[in-house]
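Heads up: the structure comes next, in structure tokens.
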Amino acid sequence: MGIRLENVDYVYAAGTAEEKKALDDINLKINDGEFIGLVGHTGSGKSTLTQLLNGLEKATSGNIYYEEKNIYDKGFSMKELRGNVGLVFQYPEHQLFEVSVIEDVKFGPKNLGLDNLEVEMRSFEALKMVGIGDDLLDASPFALSGGQKRRVAIAGVLAMKPKILILDEPMAGLDPAGRDEILELLAKLHRENDMTILLVSHSMDDVAKYVDRMIVMNDGKIVLDGEPRKVFKYQRELEEIGLGVPQATNVIHKLNVLGAGIEQECITPKEA
Ligand code: ADP
């Protein structure tokens, strides 16, 4: 059933001189099993969106439904949401702090209140998934390479067995080989475990080859949403007539306000 956002706004520092609308009327459905690339320039609202999706921040207005249950309803368990929507932050290796790789991975599942055996099993399995061998289990996380650290941090989230995995710029700061490793890992998790993945990146080119669907954000709004080849085609056509996606979206929006009823091929209805 996935996760659905309905008319979601998010405003930072409301009522102050620094007030900033980071999300502006977001309507979006993430279906089970999709591999989505969420792309857009720095400041377009991608990180804010990820934080709303796992309940770290609350929408200023609008609603979010996890498996069709409103996460802002009183009876809804935020713990359930956080267990099911795993968020890998930017530079997640900065949060590694335990004495060994295995202890670091165990941290998340331990916090879910699982018994020791289950915690161990999940942690070993997660490390295997990310390609960290048994020889590194007792190593200090700080002794690992940049790419290895990143994979251990991802394993920490995978060990919580989330249904939806969200990664905020997981390739940032890695060399090309490290970037490919991460992308291949995500493609494998999607292929073999049918995991729903939302991959946040400022680079369309990096993610286009891997994802089934690309969502482009600009200034807090979703401006394109569709198959990567359609998104690229649309973008190229706009460039040929000298318009960027945001300007074109504004033009279409204005025309629609005037009653033109224009639909963009790529802005697909997000219903399942
Ligand atoms: P992205 O992840 O696409 O780079 P963000 O979600 O981080 O975008 O930011 C969206 C907008 O919200 C930007 O204009 C940013 O400056 C602003 N913003 C982000 N975090 C804060 C914050 N803690 N306080 C005030 N403004 C913020």
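Every heavy atom of this structure was used, including side-chain atoms; hydrogens, water molecules and symmetry mates were not. As the structure lists them, so they are numbered: ligands from 1, and atoms in each ligand from 1. All residue numbers refer to positions in the sequence shown, counting from 1.
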Legend entry - N116, CG: over 12 other non-hydrogen atoms inside 6.0 angstrom: no
Side-chain atoms of residues 58-66: list all donor-acceptor pairs with protein atoms under 3.5 Å, sequence neighbours left out, distances to 0.1 Å.
| from | atom 1 | to | atom 2 | distance (Å) |
| --- | --- | --- | --- | --- |
| T60 | OG1 | V11 | N | 2.8 |
| S61 | OG | D9 | OD2 | 3.4 |
| N63 | OD1 | N70 | ND2 | 3.1 |

Legend entry - Candidates L165, V200, T50, L158 - the one meeting side-chain contact (heavy atoms from CB on, under 4.5 Å) with V88: L165
Inset, instruction - Could you pull out all residues at least two apart from D115 that satisfy side-chain contact (heavy atoms from CB on, under 4.5 Å)? - result: L117, E118
Inset, instruction - Could you tell me whether a side-chain N or O of H190 sits under 3.5 Å from a main-chain N or O of M195, the two making a donor and an acceptor? - result: yes
Legend entry - Residues in the immediate environment of ligand 1 (any heavy atom closer than 4.0 angstrom): Y12, K20, A22, H41, T42, G43, S44, G45, K46, S47, T48
Legend entry - Nonpolar side-chain network containing F107, other nodes, edges under 4.5 Å: F97
